[in-house]
Amino acid sequence: MLPILYRDEQIVVIDKPPGLLVHRSEIDRHETRFVIQILRNQIDQYVWPAHRLDRGTSGVLLFGLSKEIASQLGRQFEAGTVEKRYLAVVRGYPPESGSIDHALSRQRDAYEFQGERSSTEAQSALTHFRKLAEIELPIEVDRYPSSRYALLALEPVTGRRHQIRRHLKHIAHPIIGDATYGKGRHNRYFAEHLGCHRLLLACVGMSFNHPLDGRRLEIKAPVSGEFAATLALFGWPLKAN
């Protein structure tokens with residue numbers, strides 16, 4: 001059962017668990033369980049995603065209960081009127097706050113059509129962040145005698161693929177548990193010694209306009225499982241605010 005955060009006759013919002021693909025993908029041809037399939041069976045209705053979360057990312061995921069509603073919601077994401085709030089655990093000590101304004105090349109799945117009008121040219125991308133907590137462990141994980149980690153609250157303004165993960169790699173503070181853009185030694189330390197095997201990135205809040213009446217909805221999703229256990233171990237807050 002997927003946790004449902006909000007539901008009415010037009011939309012449904014869930015708290016996506018980590019490790020689940022939103023829909024069938026070439027990322028894993030052998031995967032048989034997808035969020036869309038599970039949610040459809042759970043509520044006995046077809047659903048259409050208005051956006052997506054990476055497989056390893058947990059948190060707020062928004063669906064329309066018709067193609068038209070999902071399309072309306074999708075246009076809000078494209079227009080930048082949806083506010084998204086994330087928590088992430090990263091390597092090192094980033095500044096107290098800042099903005100990462102760094103263009104990202106367009107990424108596509110292997111099966112996506114790429115024709116004459118298709119381009120991999122870099123697209124503008126902007127992410128704001130605040131540091132909520134930090135810790136230094138007397139453990140030599142990399143080439144230093146101790147290891148530093150921080151908890152960040154992040155607000156991506158644009159919605160490029162893997163934007164937060166790629167932006168944090170760009171400023172040399174990759175997310176813990178990120179097998180693609182992160183640091184393997186730190187990922188293994190968290191898995192083997194702290195019992196945390198997941199990507200430590202979660203969408204903990206989202207604000208958008210209801211597609212029918214325009215009222216502003218604010219949906220929140222608490223961190224849980226291994227993410228919450230890691231924050232508790234470090235004595236860190238469980239919320240972005």
Might you point out which heavy atoms bring P49 and I36 nearest each other, and give the distance in Å? CD-CD1, 3.7 Å
If hydrophobic clusters are built from ILVMFWY residues whose side chains come within less than 4.5 Å, do I69 and Y46 share one? no
Sequence neighbours left out, what passes side-chain hydrogen bond (donor to acceptor under 3.5 Å, both in side chains) with K131? Give chain and number order. E96, E134
Do V13 and L61 come within less than 4.5 Å of each other through their side chains, counting heavy atoms only? no
Within the structure provided, determine whether I135 and L137 are in side-chain contact (heavy-atom separation under 4.5 Å). yes
State whether the side chain of D213 and the backbone N or O of R215 hold a donor-acceptor pair below 3.5 Å, judged by distance alone. yes
Please examine the side chains of L20 and I38, heavy atoms only from C-beta on, and report whether any two atoms are closer than 4.5 Å. yes
Can you see which heavy atom on P18 is nearest to which on R198, and at what distance? CG-NH1, 3.6 Å
In terms of side-chain geometry, is the basic nitrogen of E140 or R185 positioned less than 4.0 Å from the acidic oxygen of its partner? no
Is it possible for you to say whether V204 and L5 belong to one hydrophobic cluster, with membership spreading through side-chain heavy-atom contacts below 4.5 Å? no
Does either side chain, that of R161 or that of S105, offer a donor lying less than 3.5 Å from an acceptor on the other one? no
Does any donor atom in the side chain of D8 or Y6 lie under 3.5 Å from an acceptor atom in the other side chain? yes
Can you name the closest pair of heavy atoms from H186 and S147 and give their distance? CE1-OG, 4.3 Å
For H128, what residues pass the ring-ring contact (aromatic ring centres under 6.0 Å, His included) criterion, not counting sequence neighbours? none
Does any N or O in the side chain of Q76 come within less than 3.5 Å of the main-chain N or O of N209, such that one atom is a donor and the other an acceptor? yes
Could you pull out the closest heavy-atom pair between Q163 and P156, with the gap in Å? NE2-CB, 3.6 Å
Taking side chain as C-beta onward, heavy atoms only, is L62 less than 4.5 Å from I219? no
Just do the side-chain contact (heavy atoms from CB on, under 4.5 Å) check on Y149 and V141 with the steps written out, would you? CA-CA 12 Å; Y149 304 101; V141 175; 3.8 Å; yes
Using a 4.5 Å cut-off on heavy atoms from C-beta on, say whether the side chain of R165 contacts that of L199. yes
What I'd like to find out is whether the side chain of F129 reaches to under 4.5 Å of the side chain of V90, using heavy atoms alone. no
Drop me the distance from T127's OG1 to Y86's OH, to the nearest 0.5 angstrom. 9.5 Å
N/O donor-acceptor pair under 3.5 Å between R91 side chain and A172 backbone: yes
Once you measure the plane-to-plane angle for F190 and F234, does it fall in the parallel (<30°), tilted (30-60°) or perpendicular (>60°) bin? perpendicular
Just verifying a value: how many Å separate L2 CG and I4 CD1, rounded to the nearest 0.5 Å? 7.5 Å
Looking at V223, L152, L200, which one forms a side chain to side chain contact (heavy atoms under 4.5 Å, CB included) with L87? V223
Is there a continuous path of hydrophobic side-chain contacts, each under 4.5 Å between heavy atoms, that joins V47 to V22? yes
Is there side-chain contact between L154 and R85, with heavy atoms separated by less than 4.5 Å? no
Exceeds 12 heavy-atom contacts within 6.0 angstrom, atom OH of Y93: yes
Considering only Ile, Leu, Val, Met, Phe, Trp and Tyr, and joining two whenever side-chain heavy atoms are under 4.5 Å apart, list the other residues clustered with V157. L126
Indicate if L201 and V35 have the same hydrophobic cluster label, given that clusters are the connected sets of ILVMFWY residues with side-chain heavy-atom separations under 4.5 angstrom. yes
Any residue meeting side-chain hydrogen bond (donor to acceptor under 3.5 Å, both in side chains) with S146, in chain and number order, not counting sequence neighbours: E136
Would you say I11 and L73 make side-chain contact, with heavy atoms under 4.5 Å? yes
Could you point out which residue of T230, V89, L132 forms a side chain to side chain contact (heavy atoms under 4.5 Å, CB included) with W236? V89
If you take all heavy atoms of I175 and I164, which pair is closest and at what distance? CD1-CG2, 4.1 Å
To the nearest 0.5 Å, what is the distance between SG (C203) and NZ (K16)? 11.0 Å
Check whether any side-chain N or O of N187 sits under 3.5 Å from a backbone N or O of D178 as a donor-acceptor pair, and report yes or no. yes
Are L217 and L53 connected in the hydrophobic side-chain network, where two residues link if heavy atoms are under 4.5 Å apart? no
From M1 atom CE to I43 atom CD1, the distance as rounded to the nearest 0.5 Å: 10.5 Å
According to the ring pair (Phe, Tyr, Trp, His ring centres under 6.0 Å) rule, which pairs have a member within residues 201-222, sequence neighbours left out? none
Measure the CZ-CG distance between R40 and L65 for me, rounded to the nearest 0.5 Å. 13.5 Å
For the backbone of G19 and the side chain of R55, can you confirm whether one donor and one acceptor N or O come within less than 3.5 Å of each other? yes
Could you list the residues that satisfy ring-ring contact (aromatic ring centres under 6.0 Å, His included) with F77, not counting sequence neighbours? H51
State, to 0.1 Å, how close R216 and S207 come at their nearest heavy-atom pair, and which atoms those are. NH2-O, 3.2 Å
First locate atom NE2 of H173, then atom NE2 of H167, and finally report the distance between them rounded to the nearest 0.5 Å. 14.0 Å
